[in-house]
Amino acid sequence: MSTLEIPLRASRHGQQPAQQPPPPPGPSRRVFVHDVMGTAVSIHVRTTDPDDPVLDAASEHVHSHLRRVDRTLSTWRADSDLLRLQHGELDADAAHPWVAEVTELCLEAEDRTDGLFRAWRSRDGGRPTFDPTGLVKGWAVSAAAAHLEEVPGIAFSVGAGGDVVVGTGRGWDGPAPQWRIGIEDPRVRGRIADVVTLCRGAVATSGAAARGAHIVDPRTGAGVNRPGSATVVGPDLLWADVWATAAFVDPARAGRLLEARDPAYRLVLL
Amino acid sequence: MRRITMWAASTVTMLVLLFSYHTSTSAGTTTSAVAAANDGVVAAGGSGSSGSSGSSGSGSSGSSSSDSSTSGSSGSDSSGSSGSAGASSSSGSTTVTGDAVSTRYGDVQVQITVADGKVTAVDVTQVPWRDHKDQEINSRAVPILNEEAVSAQSADIDMVSGATFTSEGYIQSLQSALDQAGL
């Protein structure tokens, strides 16, 4: 099961008694779900023509883009370019150009966050290993969602394991519709603690594992174990994601840096 | 000396057994939103959908809900107004159960209640055994949309953002319920 598509146009008011007023006119919604990069990627499209095959094609483009990223940059698949490169099984020249692009972006992210984000870490005195996972998902989903921007007259949102991108396709008439993004309560899993509304942009959230830290403070090498989460809302998921990680490591410092360097991004601490 | 050691060891064993007893009985994987009774917003959805199965709409109970105040009441804030909210929203509320998502610690499953095109409640219907204790300790564990969001009539959400590591399973299941609801 890699892809399932859920037909649901009838579900909105289907259960209401007959005397209820009809649903307000407006674009209907189409939903696609792809199982890729170790998570489920949901695509919601608002459109006046939900049967347009262009939607299926665009959704498939998003999916194949993410599959390619996974094949190239996964830290789980031994056959990814990244791991083959690290294991000396692949020449740097032969690797997919995405490896170099992501490496550059990781350096830029480290620079931009004053080292609060860092993709290189050394374990127990060993030589540093490069793990760009913290940046790759945001970068990949942001780029994949661009395929939806090519579709005329739609609005879309893409959710990928807690990171969200929303936007519109070419030639959307009038004001872009709003999407409501619930931010999960980091203390009560499954509960929604806050809601962010936006028409175009991205939402990313970072937090510690309930059972042991997964986010490492690059300055000390120690896991960040405090409760709570950091959410960043802004134009691009790549940077929202990077800043969310930085803000979870050091909320006060990242908040100041964000204000000074990336004022288009907003920080929500829970 | 040996006897004292034996005595100490057996005491410790007994204590361990005593303490583990409660845990073992409460370690079931399913809590099926029992705590819903504490909270009106959740009870609203629960009343129509106690079956906890898939997207079983409660539309059949329309007989008891001649009042057409569905739209406004779902937005009334907090649990104080639980009774009325429960009665009215059951007229048009539907529950949608998200995918059961496997984690290392067991399955996670989230269910949403949708009334009048809005998400009015999010319930965790399956909790991994490791999380079970947390959920019990926190009496508000069965989720309620925050009061600001509810009073602003903004209880409905399209997508969910959360920290992957903290709660992958929960976000994934909740998102799959939202996908199915397709509001």
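Any value given below was found using the heavy atoms of this structure, including those in side chains, with hydrogens, waters and symmetry copies removed.
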Problem set entry | Residues A:Asp163, A:Lys137; criterion salt bridge (charged side-chain N to carboxylate O under 4.0 Å, His left out); working and verdict | CA-CA 8 Å; A:Asp163 292 339; A:Lys137 192 168 80 169; 3.8 Å; yes
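Salt bridge present: A:Asp56 and A:Arg30 bring a charged side-chain N and a carboxylate O closer than 4.0 Å.
Geometrically, A:Arg46 engages A:Trp179 in a cation-pi contact defined by less than 6.0 Å to the ring centre and at most 45° from the axis.
Interface remark: A:Val158 contributes backbone atoms only to the contact with chain B (heavy atom separation under 4.5 Å). Of the atoms belonging to A:Val164, it is side-chain heavy atoms, and not backbone ones, that fall under 4.5 Å from chain B. With a 4.5 angstrom heavy-atom cutoff, A:Ala204 touches chain B only via backbone atoms.
Taking A:Gly182, A:Ala244, A:Ala230 one by one and counting their heavy-atom pairs under 4.5 Å with chain B, the maximum is reached by A:Gly182.
With no hydrogens or angles considered, a side-chain donor-acceptor pair links A:Ser59 and A:His34 at under 3.5 Å.
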